[in-house]
Amino acid sequence: MYVKENIPVFLLFLGFNSAILLIGYIDNSIPNVAVIYIFFFNLLILLVYIIWDYTRKKSFSGDFLNLETLDDAVVMSEGNTPMQREVYQKLDELRLAHQRELDKESQKTRENLDELTRFIHDMKMPVTTMKLMIDDLNGTERHKLSTEWTRLNSMLNEVLYLKRLPNIKNDLYIEQINLAELLNTSIKKLRDICLQKNIGFDIRLHESEVHTDSKWMQLCWTRLLLTV
């Protein structure tokens with residue numbers, strides 16, 4: 001990368017020293033020793049310049065090539081040349097602008113999720129009332145309505161749990177639970193749907209007790225039973 005960037009410098013050196021050698025070859029009055037001396041002196045100057053220039057640009061160039069995200073620009077060196085400092089400043093401006101956009105979108109997402117959560121909690125009251133009304137019915141209509149109510153209530157609960165998913169580490173409570181009891185509880189809640197789909201269960205467990213969060217485990221079982 002550095003060699004490609006400095007090709008004009010190398011070409012300038014090559015052209016300048018070629019001109020000196022050509023003049024020394026044409027003009028016999030100029031001693032060959034003087035021409036060779038000038039040539040190697042220019043070569044020394046070029047080497048010193050390349051070492052100095054490469055050293056001051058190396059750190060910034062390495063950091064720049066290793067960038068994976070705009071946030072990585074925070075740990076970059078600010079550069080040792082005017083161009084490097086301009087690049088760093090532009091990257092920092094882009095990073096700040098990107099962060100502002102992310103914060104704005106995150107705020108919108110939180111507001112939307114809060115509105116959705118409030119809506120679902122508001123829905124819980126009429127849904128509970130519907131359950132009481134359904135329980136007062138008899139016959140086939142009760143069974144059909146109860147099945148749809150169970151499906152609706154399960155979906156509302158699922159959305160509430162998914163709302164907590166980003167902060168699941170704060171919502172988990174790991175304890176030892178009886179796996180058979182947890183499965184039976186989930187099946188009873190979805191009894192009407194299982195009867196409608198003619199689904200039966202033959203529970204055979206290799207482990208009777210597990211350490212898990214009962215709420216989240218029950219959500220997983222409920223979701224699994226609804227997709228059968």
Between [atom1] on residue [X] and [atom2] on residue [Y], distance to nearest 0.5 Å:
{"X": "M133", "Y": "L145", "atom1": "CE", "atom2": "CG", "value": "9.5 Å"}
{"X": "Q107", "Y": "E111", "atom1": "CD", "atom2": "CD", "value": "4.5 Å"}
{"X": "I45", "Y": "I50", "atom1": "CD1", "atom2": "CD1", "value": "12.0 Å"}
{"X": "L156", "Y": "F119", "atom1": "CG", "atom2": "CZ", "value": "8.0 Å"}
{"X": "R118", "Y": "E115", "atom1": "CZ", "atom2": "CD", "value": "5.5 Å"}

Between D103 and Q99, a side-chain donor and acceptor under 3.5 Å: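 D103 vs Q99: donor-acceptor pair found between side chains.
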Strictly below 4.0 Å, N to O, side chains only: are D92 and R95 in salt-bridge contact? yes
Is L46 reachable from F40 through a run of hydrophobic residues whose side-chain heavy atoms are each under 4.5 Å from the next? yes
Anything under 30° is parallel, anything over 60° is perpendicular, the rest tilted; go ahead and classify Y49 against W52.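 Taking W52 first and then Y49, their aromatic rings sit tilted (interplane angle of 30° to 60°).
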Minimum side-chain heavy-atom gap H98-L94 below 4.5 Å: no
Taking all heavy atoms of N178 and all of E209, pick out the closest pair and write down the distance.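 Reported closest heavy-atom pair: CA-CG, 4.2 Å.
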